[in-house]
Amino acid sequence: MELGWLLWGTAVLLLLHVLMELSPTVNFALRISFYCLLCLVSSSLAAVACLLVNGGRTVKNMRIIRAFVRPFKYFFGVRFEVKGLENFKVEGPAIIVSNHQSILDMMGLMEILPDNCVQVGKKELTYMGSVGLIMYLGGVIFINRKSTSSAKMVMSEVAKTMVAENVKVWVYPEGTRNCTGDLLPFKKGAFHIAIQAQVPVIPVVYSSFTTFYNPKTKLFTSGKIKVEVLPPIETKGLTSDDVTDLTDRCFSTMRETLFRLSGRPSQAKDSS
């Protein structure tokens, strides 16, 4: 009986392997399913660890979450090439802004996430079971994107909290995932916070995933992600009148870096 189950299991695994090799759609579906399952299981285990070690919601839990997520890259054959980590070493709080491409961003985030850093995320993420729970325990700041007044109030509180608690805040200024290989126009919330709190903005750029991950074409293979942490942009002395200029400056710098890291130098020159 046990031999029969073993043979059936082996046959199923072989069949899945063949289908993955022959069909990009099957390969994509299986990899995404495994990624989601890994997220649910890891977040459940990490939540228990966070509660046992730190007792509840605190940015300190990000160290635990980071330890659970970092091994993901080995399951999916994703390699990281990171430069500029020394630029995180600014005294006091800061706003970190980065491009936002896909659900795989979590791996990239946890690969370089500095200590005492929380993220800003959409409120809907709280409904994602154990994933929402672990984000809550890690101190993620949730905003209601459908309510402009609510989002502005939260952002105002973020500015006060980051200074009072001496934490860095990670924001995706595009506001939504974008896997086109380019940047969407930046929303100004993060830059309003930086100027209100008079803290530096630290841009972080991840190279395009499109060579190995593309939901539209059902592509999901192994690949390398280049990451660059750019020098901080100071905001001391700036006022609300400078928000647009700061936003545009950061967008241009990050877009040029994105093209360079992704091997598209001609477009980088055209954008400057």
Side-chain angles (χ1 to χ4, degrees), residues 54 56-63 65-66 84-85 87-100 105-106 109-110 112-126 132 134-177 183-205 229-254:
N54 293 315
R57 177 178 167 87
T58 171
V59 67
K60 293 179 181 178
N61 283 327
M62 276 298 168
R63 288 187 176 185
I65 299 169
R66 189 170 58 194
L85 284 178
N87 290 317
F88 280 145
K89 296 178 181 179
V90 298
E91 291 187 11
I95 290 290
I96 301 172
V97 293
S98 75
N99 52 324
H100 191 19
D105 285 347
M106 182 176 63
L109 172 69
M110 293 301 165
I112 66 169
L113 186 73
D115 288 336
N116 297 316
C117 180
V118 297
Q119 297 79 54
V120 172
K122 57 185 180 181
K123 187 179 180 181
E124 291 83 353
L125 293 173
T126 58
I134 199 62
M135 293 178 75
Y136 169 80
L137 290 173
V140 171
I141 301 165
F142 298 103
I143 60 172
N144 184 358
R145 296 189 302 179
K146 297 178 181 178
S147 172
T148 303
S149 58
S150 174
K152 285 183 177 179
M153 287 179 61
V154 171
M155 287 301 197
S156 180
E157 289 300 314
V158 169
K160 297 176 184 177
T161 302
M162 68 185 297
V163 174
E165 299 183 10
N166 192 30
V167 296
K168 293 178 176 62
V169 176
W170 190 297
V171 183
Y172 295 110
E174 291 173 281
T176 189
R177 295 172 189 162
L183 293 180
L184 295 175
F186 284 178
K187 298 182 183 300
K188 297 180 180 179
F191 306 97
H192 273 290
I193 295 175
I195 289 178
Q196 182 181 338
Q198 294 287 281
V199 300
V201 176
I202 305 175
V204 175
V205 182
V229 183
L230 303 177
I233 301 173
E234 287 296 336
T235 64
K236 289 180 180 179
L238 299 184
T239 68
S240 57
D241 293 334
D242 299 304
V243 168
T244 298
D245 182 66
L246 177 62
T247 305
D248 292 344
R249 177 184 171 190
C250 197
F251 177 87
S252 297
T253 301
M254 290 178 64

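Quick caveat, the model's predicted, so the values are computed rather than measured.
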Inset, instruction - With sequence neighbours left out, write down each residue that passes side-chain contact (heavy atoms from CB on, under 4.5 Å) with A94, or none if nothing qualifies. - result: V90, K168, P200, I202
Legend entry - Separation between CD1 of I195 and CG of D245, rounded to the nearest 0.5 Å: 8.5 Å
Legend entry - Note, I193 side chain near Q196 side chain (heavy atom, < 4.5 Å): no
Inset, instruction - Verify, without hydrogens or angle tests, whether S252 (side chain) and R249 (backbone) share a donor-acceptor contact under 3.5 angstrom. - result: no
Legend entry - Atom of A190, atom of V97 and distance for their closest heavy-atom approach: CB-CG1, 4.0 Å
Legend entry - Side chain to side chain, T253 and P203, heavy atoms closer than 4.5 Å: no
Inset, instruction - Tell me, with the steps shown, if M62 and V118 meet side chain to side chain contact (heavy atoms under 4.5 Å, CB included). - result: CA-CA 8 Å; M62 276 298 168; V118 297; 5.6 Å; no
Inset, instruction - Could you tell me which residues satisfy side-chain contact (heavy atoms from CB on, under 4.5 Å) with H192, sequence neighbours excluded, listed by chain and number? - result: K188, V243
Inset, instruction - Examine distances only and state if a side-chain atom of E165 and a backbone atom of M162 form a donor-acceptor pair shorter than 3.5 Å. - result: no
Legend entry - Taking every non-hydrogen atom, the tightest pair across F142 and M135: CZ-CB, 3.9 Å
Legend entry - For N61, side-chain hydrogen bond (donor to acceptor under 3.5 Å, both in side chains) partners two or more places apart: N54
Legend entry - Shortest non-hydrogen separation from N99 to M254 and the atoms involved: N-CE, 3.8 Å
Inset, instruction - Report yes if some heavy atom in the side chain of P114 is under 4.5 Å from a heavy atom in the side chain of I96; otherwise report no. - result: yes
Listing, residues 232-242 side-chain donor-acceptor contacts under 3.5 Å, not counting sequence neighbours, or none:
{"residue": "T235", "atom": "OG1", "partner": "A194", "partner atom": "O", "Å": "3.3"}
{"residue": "T235", "atom": "OG1", "partner": "V199", "partner atom": "N", "Å": "3.1"}
{"residue": "T235", "atom": "OG1", "partner": "V199", "partner atom": "O", "Å": "2.7"}
{"residue": "T239", "atom": "OG1", "partner": "D241", "partner atom": "N", "Å": "3.3"}
{"residue": "D242", "atom": "OD2", "partner": "T239", "partner atom": "N", "Å": "2.9"}

Legend entry - For I112 against L85, the heavy-atom pair lying closest together: CB-CD2, 3.9 Å
Inset, instruction - Compare all side-chain heavy atoms of N116 with those of N166 and state whether any distance is below 4.5 angstrom. - result: no
Inset, instruction - Given side chain to side chain contact (heavy atoms under 4.5 Å, CB included), test L184 with H100 step by step and report yes or no. - result: CA-CA 9 Å; L184 295 175; H100 191 19; over 6 Å; no
Legend entry - Nearest heavy-atom neighbours spanning V201 and C250: CG1-SG, 4.2 Å
Inset, instruction - For the pair K187 and V171, evaluate side chain to side chain contact (heavy atoms under 4.5 Å, CB included) and give the outcome as yes or no after the intermediate values. - result: CA-CA 10 Å; K187 298 182 183 300; V171 183; over 6 Å; no
Inset, instruction - Identify, with sequence neighbours excluded, every residue that meets side-chain hydrogen bond (donor to acceptor under 3.5 Å, both in side chains) alongside D115. - result: R63, R66
Inset, instruction - May I ask you to check whether over 12 heavy atoms, not counting those of Y136, lie within 6.0 Å of atom OH? - result: no
Inset, instruction - With sequence neighbours left out, write down each residue that passes ring pair (Phe, Tyr, Trp, His ring centres under 6.0 Å) with F186, or none if nothing qualifies. - result: F251
Legend entry - Shortest non-hydrogen separation from M110 to I65 and the atoms involved: CE-CG2, 3.8 Å
Inset, instruction - Can you measure from CD1 (I143) to NZ (K122) and round to the nearest 0.5 angstrom? - result: 10.5 Å
